[in-house]
A.B. asks: 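Sharing a structure below in structure tokens format, with a few things to ask.
Lettering follows sequence order; numbering is per chain, from 1.
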Protein chains: 2
Amino acid sequence: MSQQRHESTPGNPGAAAAFPDLPEATIARLPEYLRALHNLEGSDTISSEALAAAAGVNSAKLRKDLSHLGSYGTRGVGYDVALLIEQIEYILGLDQRRAVCLVGVGNLGHALAGYDGFASRGFRIVALFDADPARIGEQISGLTVRHIDDLARVAAEESIAIGVIATPAGAAQAVADQLVTAGVTSILNFAPCVLSVPAGVDVRKVDLAIELQILSFHEHRKASLTALPGGRAPTGNQEAVGS
Amino acid sequence: MSQQRHESTPGNPGAAAAFPDLPEATIARLPEYLRALHNLEGSDTISSEALAAAAGVNSAKLRKDLSHLGSYGTRGVGYDVALLIEQIEYILGLDQRRAVCLVGVGNLGHALAGYDGFASRGFRIVALFDADPARIGEQISGLTVRHIDDLARVAAEESIAIGVIATPAGAAQAVADQLVTAGVTSILNFAPCVLSVPAGVDVRKVDLAIELQILSFHEHRKASLTALPGGRAPTGNQEAVGS
DNA sequence: CGCGATTTGTGCACGCCTTCACAAGCGCCT
DNA sequence: AGGCGCTTGTGAAGGCGTGCACAAATCGCG
Ligand SMILES: NC(=O)c1ccc[n+]([C@@H]2O[C@H](COP(=O)([O-])OP(=O)(O)OC[C@H]3O[C@@H](n4cnc5c(N)ncnc54)[C@H](O)[C@@H]3O)[C@@H](O)[C@H]2O)c1
Ligand SMILES: NC(=O)c1ccc[n+]([C@@H]2O[C@H](COP(=O)([O-])OP(=O)(O)OC[C@H]3O[C@@H](n4cnc5c(N)ncnc54)[C@H](O)[C@@H]3O)[C@@H](O)[C@H]2O)c1
């Protein structure tokens, strides 16, 4: 799944961890906690049990996760909601409202460009790009679609570090290369293909068909189980995508 | 992250595994292999090394995964492409071209409804539902938007086992309940919330903001590392979303 | 027919992650 | 002030997943 892995500062006693060395699994859950916490604003404090339920995880896991970031819960009371939100947002780097660009303003790109879940959760879409001359100049929720050739210039102007790819798979690698050249160091890829990027650039992929295929497997499995004489009803399963 | 987990037929020696008991991690990768294989049709055979590269994984991992499903590679030669495709599609239950319904034909729903990656990778969208009267009757790529109240009837008629939720978060739980009542046993949820479902129902979630937040964390981390005197360029990272 | 080149299948060790279970800490009430 | 109930933080154990490294198997060629 990973072409290269993050190094965990192996044998580097000189440079003390400037940043809490969180397990990947924990990082992937922090956004869940954050979302749950935002739904709970108004409460002053919350117990690990309650927050875990709201985030759909085990309470022990939640406590261990939070302990990793040196968080301050109070025994007998719980966690301070506002403080915890602040902590997690800091760790995730959301206090900076990072600039994001979107490449490929087609079917999916239109939906993404208009999605307010971006804005409300720490990001600003600051630029839309496409290669199709017919689309250049189009206005989408306050932004003008620009030509992909302007990417490098705009990325520098706006200090864009995160790019979203919503082009067909055939164009994705080329777009990724352009993004990297433009200084983008994190890519969210919706095209169903593997991207090759230099070290230091992070890529996350969302592939809808893969999600359905995994569900399909479980359907197939459930069907073959219940068809069995000794078969019993299988247990349900809820998984987050990403991690 | 998981409310309930699949049981792996614990202490159930009577009912032999009717279905290969694949590790969850392997299942999540099979669709990747499948996609890579489809891009390679024309070749007769392929080595684990080459296929692994195309799928973006380690070759040892690929071999172990394939060995789990009792696959037939030939030493010194590689894997038969056509046979492997057939095997994986069978395991994933894709030979049945499963019927899928989509609830919530808004911004995102429109993009999904028109997405041909559904059809080409083993699924048929057979119904679209919405609650907004203004949307009922709308035609989208050959399908008519129906009222959510017709869900149970249509689901039964078309034997729909998989449902996609693309409604606002506030409506998602209610929709999930309706899907479950209608007999749907697998749900792909795009709404940013935790769904509660009975045992036997599988839920997978796609949350775009979470993906960005994870990328944001790595940006934050990279920035704090390079700012360090002893800091060095971090290693790149490529992860699939979904396990 | 035998040999060498190639590639699969897997035993093994290691590390990560999860989960349990409980001691330690905190606040509240008497 | 003291005790009690509640909740956190964590040690330890177990399970899962990964990747190395190599034996076993197969093919092609001389
Ligand atoms: N539509 C969906 O619901 C959906 C869902 C999941 C994944 N995807 C994937 O997302 C991607 C986009 O899907 P879509 O349905 O929006 O496709 P689309 O064809 O509607 O849009 C693609 C857009 O990318 C632009 N483009 C092509 N080459 C480009 C380049 N080199 N640089 C910049 N822009 C370029 C095109 O002009 C077009 O506007 C595809 O890879 C698809 O598989 C789509
Ligand atoms: N737009 C995106 O790019 C995007 C990306 C990621 C996630 N999401 C999530 O996907 C969901 C949909 O997003 P959207 O932008 O399409 O929103 P939207 O408001 O455009 O569409 C929501 C649709 O759901 C329908 N709906 C509401 N209640 C319903 C009910 N009870 N039963 C059936 N239909 C109902 C509405 O009528 C509307 O058509 C949201 O939860 C959003 O957070 C959207």
Side-chain angles (χ1 to χ4, degrees), chain A residues 1-11 20-30 32-33 43-53 55-81 83-84 87 237-240 243, chain B residues 1-11 20-30 33 43-53 55-81 83-84 87 237-240 242-243:
Chain A
M1 200 132 314
S2 61
Q3 297 184 323
Q4 307 109 319
R5 291 237 128 233
H6 279 291
E7 64 187 27
S8 39
T9 56
D21 207 355
L22 304 177
E24 236 356 84
T26 295
I27 295 159
R29 281 188 295 266
L30 290 182
E32 297 277 0
Y33 304 154
S43 310
D44 231 28
T45 61
I46 185 167
S47 72
S48 66
E49 201 70 47
L51 183 52
V57 304
N58 181 301
S59 71
K61 200 189 293 190
L62 174 101
R63 286 198 298 277
K64 187 149 287 188
D65 283 343
L66 294 187
S67 77
H68 280 136
L69 41 93
S71 149
Y72 296 76
T74 313
R75 296 173 191 229
V77 178
Y79 298 90
D80 181 301
V81 172
L83 182 63
L84 202 47
Q87 280 250 353
N237 185 11
Q238 177 150 349
E239 302 199 13
S243 154
Chain B
M1 203 130 310
S2 61
Q3 297 185 324
Q4 308 107 324
R5 291 237 125 232
H6 278 289
E7 64 186 28
S8 39
T9 54
D21 206 356
L22 304 177
E24 221 22 62
T26 295
I27 296 159
R29 283 187 294 265
L30 290 181
Y33 303 155
S43 310
D44 229 29
T45 62
I46 186 168
S47 72
S48 66
E49 200 70 44
L51 183 53
V57 302
N58 181 301
S59 70
K61 200 188 295 189
L62 175 106
R63 287 198 297 277
K64 187 153 289 185
D65 284 341
L66 294 188
S67 78
H68 280 136
L69 41 92
S71 148
Y72 296 76
T74 312
R75 296 175 190 224
V77 177
Y79 297 90
D80 182 302
V81 172
L83 182 63
L84 201 48
Q87 280 248 352
N237 187 11
Q238 176 150 354
E239 303 199 13
S243 164

A.B. asks: Which distance, rounded to the nearest 0.5 Å, do you find between the CG of A:D44 and the CG of A:L83?
C.D. replies: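 These two atoms lie 11.0 Å from each other.
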A.B. asks: Rounded to the nearest angstrom, tell me the gap between atom NZ in A:K61 and atom C1' in D:dG15.
C.D. replies: 13 Å
A.B. asks: Just how far, in rounded Å, is P of D:dC20 from CG of B:L62?
C.D. replies: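 These atoms are roughly 14 Å apart.
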A.B. asks: Rounded to the Å, how far apart are B:R63 CZ and D:dC22 C1'?
C.D. replies: 11 Å
A.B. asks: From CD of B:E49 over to P of D:dA21, roughly how many Å is that when rounded to an integer?
C.D. replies: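 After rounding, the reported distance stands at 14 Å.
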A.B. asks: Would you say B:S48 places a side-chain N or O within less than 4.0 Å of OP1 or OP2 belonging to C:dT8?
C.D. replies: yes
A.B. asks: Nearest nucleotide by nearest heavy atom, which residue falls closer to the 5' end of DNA chain D, A:L66 or B:D65?
C.D. replies: A:L66
A.B. asks: According to a strict under-4.0 Å criterion, is B:N58 in side-chain N/O contact with OP1 or OP2 of D:dG17?
C.D. replies: no
A.B. asks: Could you state the CG-P distance from B:D44 to D:dT26, rounded to the nearest angstrom?
C.D. replies: 18 Å
A.B. asks: In whole angstroms, how far is the C1' atom of C:dT10 from the OH atom of B:Y72?
C.D. replies: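 Spelled out: OH on B:Y72 to C1' on C:dT10 is 17 Å.
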A.B. asks: Any side-chain N or O of B:Y79 under 4.0 Å from OP1/OP2 of D:dT26?
C.D. replies: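 So the side chain of B:Y79 is outside the cut-off, no N or O lying under 4.0 Å from OP1 or OP2 of D:dT26.
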A.B. asks: On the side chain of B:R75, is there an atom forming a donor-acceptor pair with the base of D:dT26 - under 3.5 Å, no angle test?
C.D. replies: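 No.
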A.B. asks: Does A:T74 have a side-chain nitrogen or oxygen under 4.0 Å from the phosphate oxygens OP1 or OP2 of C:dC26?
C.D. replies: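 Result: no.
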A.B. asks: If only atom types and distance count, is the side chain of A:S47 paired as donor or acceptor with the main-chain N or O of A:A50 below 3.5 Å?
C.D. replies: yes
A.B. asks: Given side-chain contact (heavy atoms from CB on, under 4.5 Å), test A:T74 with A:T45 step by step and report yes or no.
C.D. replies: CA-CA 9 Å; A:T74 313; A:T45 61; over 6 Å; no
A.B. asks: Heavy atoms from C-beta onward define the side chain here; which of C:dC17, D:dT8, D:dT18 lies closest to that of A:S47?
C.D. replies: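 That would be D:dT8.
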A.B. asks: Between B:G73 and A:P23, who's closer to the 5' end of DNA chain C by nearest nucleotide?
C.D. replies: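 Residue closer to the 5' terminus by nearest nucleotide: B:G73.
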A.B. asks: For B:L83 and C:dT8, give me the distance from atom CG to atom C1', rounded to whole Å.
C.D. replies: 15 Å
A.B. asks: Listed by chain and number, what are the side chain to side chain donor-acceptor pair (under 3.5 Å) partners of B:T26, not counting sequence neighbours?
C.D. replies: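 Per chain and number, B:T26 pairs via side chain to side chain donor-acceptor pair (under 3.5 Å) with B:D65.
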A.B. asks: Rounded to whole angstrom units, what separation is found between the NE2 atom of B:H68 and the C1' atom of D:dT18?
C.D. replies: 11 Å
A.B. asks: If you find the nucleotide of DNA chain C closest to B:S67 and the one closest to A:V77, which residue's nucleotide is nearer the 5' end?
C.D. replies: B:S67
A.B. asks: Show, in sequence, the C-alpha distance, side-chain angles and deciding distance for B:V57 and B:Y33, and conclude whether the side-chain contact (heavy atoms from CB on, under 4.5 Å) test is met.
C.D. replies: CA-CA 9 Å; B:V57 302; B:Y33 303 155; 3.9 Å; yes
A.B. asks: Could you check whether the side chain of A:K64 and the base of C:dT19 have a donor-acceptor pair of N or O atoms closer than 3.5 Å, going by distance alone?
C.D. replies: yes
